[in-house]
Colleague: 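Please see the structure below; I have some questions.
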Number of protein chains: 2
Amino acid sequence: MPQAEQDRSVFRAIADPTRRAILDRLRKGPAPVNELASAFAQSRPAISKHLRILRELNVVSERRQGRERVYQLEPAELKDVADWILPYRGFWQQSLGNLKSYLENE
Amino acid sequence: MPQAEQDRSVFRAIADPTRRAILDRLRKGPAPVNELASAFAQSRPAISKHLRILRELNVVSERRQGRERVYQLEPAELKDVADWILPYRGFWQQSLGNLKSYLENE
DNA sequence: ATAATATGTAACCGAATGGATACGCATTAT
DNA sequence: ATAATGCGTATCCATTCGGTTACATATTAT
């Protein structure tokens, strides 16, 4: 049987720590590739591949500016992650509440 | 050069859609493996492998009950995801705010 | 015109991923 | 005692992943 269709969701995009770091950097504002790549001990083409994945999943956008390509955060897709994690928040908030009442009853 | 050290964070755990679905199911309460597996068109050993990954990353716990293994959500580790996504929330909330004031000024 | 800079793509490689099937081992049912 | 059930593990396989080096292309500097 052929492998199940691959997951092309934003969850794959953020699965890699390098890509998460790129996104974290872009929160501070747009940046060209060289600046992004300078933060990592990887070759620049490796960063280009990460950027491509982020681009294809629409988590970043790119605009050409002279000979540079400036990347910008496009956080809309990340909302899927926030929406997914949302119902879990109740769990550890509840645990904190339990701890609180536990401590109060001691 | 040897591959960079692998990412064993919870972000890897939730990168796979099957594993996310398992976690979503466990939000409703603990369940034995057969019940979890019945929701997917995969073999049971495949689900066992997913469960092992979730176990090793401490996103679920397992207790033996007769010949069943009951899995339970352990959401503490998922807080890492919530914490990571948190600073991004401002972006689309801000966009919504911009839209709101834009509409109000029309 | 030529050189340097910025960046993407192609080809390649080893490791990890996600699946399958075959098997083993407890536990429960008969 | 034997069979059936529940589930993990071993092994295998194709695909994907994340990295590399070599190369191509566009833009800017000299």
Side-chain angles (χ1 to χ4, degrees), chain A residues 1-26 29-72, chain B residues 1-26 29-72:
Chain A
M1 185 177 282
Q3 193 124 332
E5 70 184 46
Q6 62 223 27
D7 181 24
R8 278 293 168 223
S9 77
V10 65
F11 290 93
R12 280 282 180 201
I14 67 168
D16 184 86
T18 300
R19 290 196 290 268
R20 286 199 303 280
I22 290 174
L23 293 176
D24 288 341
R25 163 62 189 81
L26 290 180
V33 175
N34 265 341
E35 185 187 323
L36 295 174
S38 67
F40 304 96
Q42 303 175 7
S43 67
R44 200 201 27 78
I47 302 299
S48 270
K49 283 176 66 172
H50 284 307
L51 288 172
R52 181 179 189 164
I53 292 172
L54 293 174
R55 245 188 293 134
E56 288 175 348
L57 292 172
N58 300 309
V59 187
V60 303
S61 62
E62 170 219 291
R63 67 172 188 274
R64 308 192 46 166
Q65 190 172 318
R67 55 186 161 184
E68 293 186 333
R69 316 252 180 143
V70 178
Y71 279 80
Q72 181 167 11
Chain B
M1 187 176 282
Q3 194 124 331
E5 70 184 48
Q6 62 223 27
D7 181 25
R8 278 292 169 223
S9 76
V10 67
F11 289 93
R12 280 280 181 203
I14 68 167
D16 184 86
T18 300
R19 289 196 291 269
R20 285 198 304 279
I22 290 174
L23 294 176
D24 288 342
R25 162 63 190 81
L26 290 180
V33 174
N34 265 341
E35 185 187 324
L36 295 174
S38 67
F40 304 98
Q42 302 177 6
S43 68
R44 198 200 31 75
I47 302 299
S48 270
K49 282 177 68 173
H50 284 307
L51 288 172
R52 180 179 190 163
I53 291 171
L54 294 174
R55 245 188 294 133
E56 289 176 348
L57 292 171
N58 301 307
V59 186
V60 303
S61 62
E62 170 219 292
R63 68 171 186 276
R64 307 193 47 163
Q65 190 172 319
R67 54 185 161 183
E68 293 186 333
R69 316 253 180 142
V70 178
Y71 279 80
Q72 181 167 11

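These figures come from a predicted structure and were not determined experimentally. In what follows, chains carry the letters A, B, and so on, assigned in the order in which the sequence lines appear, proteins first and then strands, with residues in each chain numbered from 1.
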Colleague: How long is the line joining CG of Leu51(B) and P of dC7(D), in whole Å?
Modeller: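 Nearest whole value for this atom pair: 10 Å.
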
Colleague: Is any side-chain N or O of Lys49(A) under 3.5 Å from a base N or O of dG8(C), one able to act as donor and the other as acceptor?
Modeller: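 Flag unset: no donor-acceptor pair detected.
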
Colleague: Can you see if the side chain of Tyr71(A) gets near the phosphate of dA6(C) - specifically, an N or O under 4.0 Å from OP1 or OP2?
Modeller: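 No, outside the criterion.
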
Colleague: Can you give me the closest heavy-atom contact between Leu51(A) and Val60(A), atom names plus distance?
Modeller: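 Nearest pair, atom of Leu51(A) first, then Val60(A): O-CG2, 4.3 Å.
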
Colleague: Determine the contact category for Phe40(B): base if any of its heavy atoms lies under 4.0 Å from a base atom, sugar-phosphate if only primed atoms, P, OP1 or OP2 are that close, otherwise nothing.
Modeller: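 The answer is nothing, as Phe40(B) stays clear of every strand by at least 4.0 Å.
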
Colleague: Between dG6(D) atom C1' and Glu62(B) atom CD, what is the distance in whole Å?
Modeller: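 Distance, rounded to whole Å: 12 Å.
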
Colleague: For Ile14(A) and dC17(D), give me the distance from atom CD1 to atom C1', rounded to whole Å.
Modeller: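 Computing the Ile14(A):CD1 to dC17(D):C1' distance gives 17 Å.
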
Colleague: Would you confirm whether Arg69(A), through its side chain, and Glu62(A), through its main-chain N or O, come within 3.5 Å as a donor-acceptor pair?
Modeller: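 No; judged by distance alone, with no hydrogens or angles, the pair does not exist.
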
Colleague: Backbone N or O of Ala15(A) within a donor-acceptor pair of the Arg20(A) side chain at under 3.5 Å?
Modeller: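 Looks like yes, one N/O pair under 3.5 Å.
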
Colleague: What is the distance, to the nearest angstrom, from the CD atom on Glu56(A) to the C1' atom on dC17(D)?
Modeller: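 The distance from CD of Glu56(A) to C1' of dC17(D) comes to 14 Å, rounded to the nearest Å.
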
Colleague: Please determine whether any donor N or O and acceptor N or O are separated by less than 3.5 Å between the side chain of Arg44(A) and the base of dG8(C).
Modeller: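 Such a pair is found, so the answer is yes.
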
Colleague: Look at the side chain of Arg55(B) and the backbone N and O of Tyr71(B), then say whether any donor-acceptor pair between them is shorter than 3.5 Å.
Modeller: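 A pair under 3.5 Å: no.
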
Colleague: Checking contacts here: which listed nucleotide (dC17(D), dT27(D), dT27(C)) is nearest the side-chain heavy atoms of Arg64(B)?
Modeller: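 Of the candidates, dT27(C) comes closest.
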
Colleague: Using heavy-atom distances to pick each residue's nearest nucleotide on DNA chain D, tell me which of Asp16(A) and Gln65(A) is more 5'.
Modeller: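 The residue whose closest nucleotide sits nearer the 5' end is Asp16(A).
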
Colleague: Give a yes/no on whether any side-chain N or O of Asn34(A) is located under 4.0 angstrom from OP1 or OP2 of dT7(C).
Modeller: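 For Asn34(A), the contact criterion (side-chain N or O under 4.0 Å from OP1 or OP2 of dT7(C)) is met.
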
Colleague: dT7(C), dA20(C), dT9(D): which one has an atom nearest the side-chain heavy atoms of Glu68(A)?
Modeller: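 Taking heavy atoms from C-beta onward, the closest nucleotide is dT7(C).
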
Colleague: Which of these nucleotides, dG18(D), dT21(D), dG8(C), is closest to any side-chain atom of Ser43(A)?
Modeller: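 Nearest to the side chain of Ser43(A) among the choices is dT21(D).
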
Colleague: Of all the choices, dT27(D), dT27(C), dC7(D), which nucleotide is nearest to the side chain of Arg67(B) once you look at every atom?
Modeller: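 The answer is dT27(C).
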
Colleague: Take Glu35(A) and Ile53(B), find for each the nucleotide of DNA chain C with the closest heavy atom, and name the residue whose nucleotide sits nearer the 5' end.
Modeller: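 Final value for this comparison: Glu35(A).
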
Colleague: Are His50(B) and dT17(C) close enough that a side-chain N or O sits under 4.0 Å from OP1 or OP2?
Modeller: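 His50(B) to dT17(C) OP1/OP2: no side-chain N or O under 4.0 Å.
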
Colleague: Remember a base hit wins even if backbone is also touched, and classify Ala46(B) as base, sugar-phosphate or nothing at under 4.0 Å, heavy atoms.
Modeller: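 Sugar-phosphate, backbone atoms only, no base.
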
Colleague: Check every strand shown and say whether Pro45(A) touches a base, only sugar-phosphate, or nothing at a heavy-atom separation below 4.0 Å.
Modeller: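 Contact class for Pro45(A): base.
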
Colleague: How long is the line joining CZ of Arg8(A) and P of dG18(C), in whole Å?
Modeller: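 Atom CZ in Arg8(A) sits about 12 Å away from atom P in dG18(C).
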
Colleague: Just how far, in rounded Å, is P of dA16(C) from CZ of Arg52(B)?
Modeller: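 So the two atoms are 14 Å apart, to the nearest Å.
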
Colleague: Nearest whole Å is fine: how far is dT21(D) C1' from Ile47(A) CD1?
Modeller: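 Roughly 16 Å, once rounded to whole Å.
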
Colleague: Once you round it to whole Å, what is the distance between P of dT27(C) and CZ of Arg69(B)?
Modeller: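 One finds 9 Å between P of dT27(C) and CZ of Arg69(B), rounded.
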
Colleague: Could you tell me if the side chain of Arg25(A) sits less than 4.5 Å from the side chain of Glu35(A), heavy atoms only?
Modeller: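 In short, these two side chains touch, coming nearer than 4.5 Å.
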
Colleague: Should Asn58(A) and Val10(A) count as side-chain neighbours, where that means a heavy-atom distance under 4.5 Å?
Modeller: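 No. Closest side-chain heavy atoms not under 4.5 Å.
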
Colleague: Checking contacts here: which listed nucleotide (dT17(C), dG8(C), dG8(D)) is nearest the side-chain heavy atoms of Arg12(B)?
Modeller: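 Per side-chain heavy atoms of Arg12(B), the pick is dT17(C).
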
